[in-house]
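Start at 1 and go down the list; that is how both ligands and their atoms are numbered. Only heavy atoms go into these numbers, but all of them, side chains included; no hydrogens, no water, no symmetry mates. Start at 1 with the first residue, then count along the sequence.
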Amino acid sequence: ATKPKLYYFRGRGRMESIRWLLAAAGVEFEEEFIETAEQYEKLQKDGRLLFGQVPMVEIDGMVLTQTRAILSYLAAKYDLYGKDLKETVRINMYADGTLDLMLMIALAAFKPPAEKEESLALIVQKAQTRYFPVFEKILKDHGQDFLVGNKFSWADIQLLEAILMVEELNASVLSDFRLLQAFKTRISNIPTIKKFLQPGSQRQPPPDSHYVEVVRSILHF
Ligand SMILES: CCCCC[C@H]1O[C@@H](O)C[C@@H]1SC[C@H](NC(=O)CC[C@H](N)C(=O)O)C(=O)NCC(=O)O
């Protein structure tokens, strides 16, 4: 069968959570990195970007856009979306929370240097005061290895991705969250994720000035 194909910039942005989910599910995927305005405009002209935007993923004969829609499709397809609606809505709540946090980090890359440092400090603070306490309590109350049910789900993948992303900004951010520290170790050791965390995988590095310049030049902003 043909592998899913991802169309995005050579960087994390909104596509990174899709890379994580596919990798965690053990699904090989291809990528076309959009490096020029011409590439982007051709995708638009060919009518492959519903609202003229990326991420775009070709999978199962479909051309999908809208990050959340793609993530939901993949979570359901690879049985990472709970055993019933009540578990699925919890997975959605937790995943949306981590998506909010990660998008703040992604967008901070586009702020002017002075503002950027301040935004990142605020984001770390928000992770420590809003997001991580919530997940620490969930793990405590739920008393299981995973966030929902007692099964690995999309929510666990997103939380690990978010933890690692915030640790890149402040390495000691988990110091007050004992259960999250254990969760990070547990989930990082799931074979498919362990492999994705090794150098040479399709995981993208944190955004740098080159990435910002390329995206700005393509999106003209
Ligand atoms: C994430 C930071 C990295 C780069 C900037 C990106 O962050 C975004 O929020 C914007 C981009 S991603 C690229 C941007 N895509 C979106 O905003 C998609 C939003 C959609 N709701 C989704 O979730 O997929 C884009 O194509 N814009 C062109 C334009 O709208 O005409």
Item to complete: From the options Tyr211, Phe9, Tyr8, select the one whose nearest heavy atom is closest to atom 6 (C) of ligand 1.
Response: Tyr8
Worksheet item: Among all protein non-hydrogen atoms, which one is nearest to atom 8 (C) of ligand 1, and what is the separation to 0.1 Å?
Response: Arg14 NE, 3.2 Å
Fill in: Nearest-contact summary for atom 28 (C) of ligand 1 - protein heavy atom, Å
Tyr40 OH, 3.1 Å
Response to the item:
Nearest heavy-atom contact between Ala24 and Thr192 is O-OG1, 2.8 Å
Practice prompt. Would you name the heavy atoms of Ile70 and Pro55 that are closest together and state the gap between them?
Written response: CD1-O, 4.1 Å
Worksheet item: From Trp20 CH2 over to Met165 CE, what is the distance, rounded to the nearest 0.5 angstrom?
Response: 8.5 Å
Response to the item:
Rounded to the nearest 0.5 Å, the OH atom of Tyr94 sits from the CD1 atom of Ile138 at a distance of 4.0 Å
Worksheet item: What's the shortest heavy-atom distance between Arg178 and Glu136, and which atoms?
Response: N-OE2, 3.2 Å
Fill in: Minimum-distance protein heavy atom relative to atom 21 (N) of ligand 1
Gln66 OE1, 2.7 Å
Item to complete: Check Glu87 against Asp84 and note the closest heavy-atom contact, atom names and distance.
Response: N-OD1, 2.8 Å
Practice prompt. Just jot down the ligand 1 atoms closer than 4.0 angstrom to any heavy atom of Gly13, in number order.
Written response: 1 (C), 3 (C)
Item to complete: Would you mind checking which non-hydrogen protein atom is closest to atom 7 (O) of ligand 1, with the distance to 0.1 Å?
Response: Leu107 CD2, 3.7 Å
Fill in: Nearest-option assignment for atom 1 (C) of ligand 1, heavy atoms, candidates Pro207, Ala106, Pro55, Ala108
Ala106
Discussion item. Can you report which non-hydrogen protein atom sits closest to atom 27 (N) of ligand 1, along with the distance?
Written reply: Leu219 CD1, 3.9 Å
Practice prompt. Could you tell me whether Phe183 and Phe135 have their ring centroids closer than 6.0 angstrom?
Written response: no
Practice prompt. Closest by any non-hydrogen atom to atom 29 (C) of ligand 1: pick that one out of Gln44, Arg68, Gln53.
Written response: Gln53
Item to complete: Have a look at ligand 1 and work out which part of Phe51, if any, has a heavy atom under 4.0 Å from it: side chain, backbone, both or neither.
Response: neither
Worksheet entry | Subset of ligand 1 atoms that lie under 4.0 Å from at least one heavy atom of Phe110 | 2 (C), 3 (C), 4 (C), 5 (C)
Fill in: Nearest protein heavy atom with distance in Å, relative to atom 15 (N) of ligand 1
Val54 O, 2.7 Å
Worksheet item: Any side-chain donor paired with an acceptor under 3.5 Å for Thr98 and Tyr131?
Response: no
Fill in: Residue portion contacting ligand 1 (non-hydrogen atoms closer than 4.0 Å) for Thr67
both
Fill in: Close-contact set for ligand 1 against Val215 heavy atoms, below 4.0 Å
4 (C)
Worksheet entry | Closest non-hydrogen atom pair, Phe196 against Ser201 | O-OG, 2.6 Å
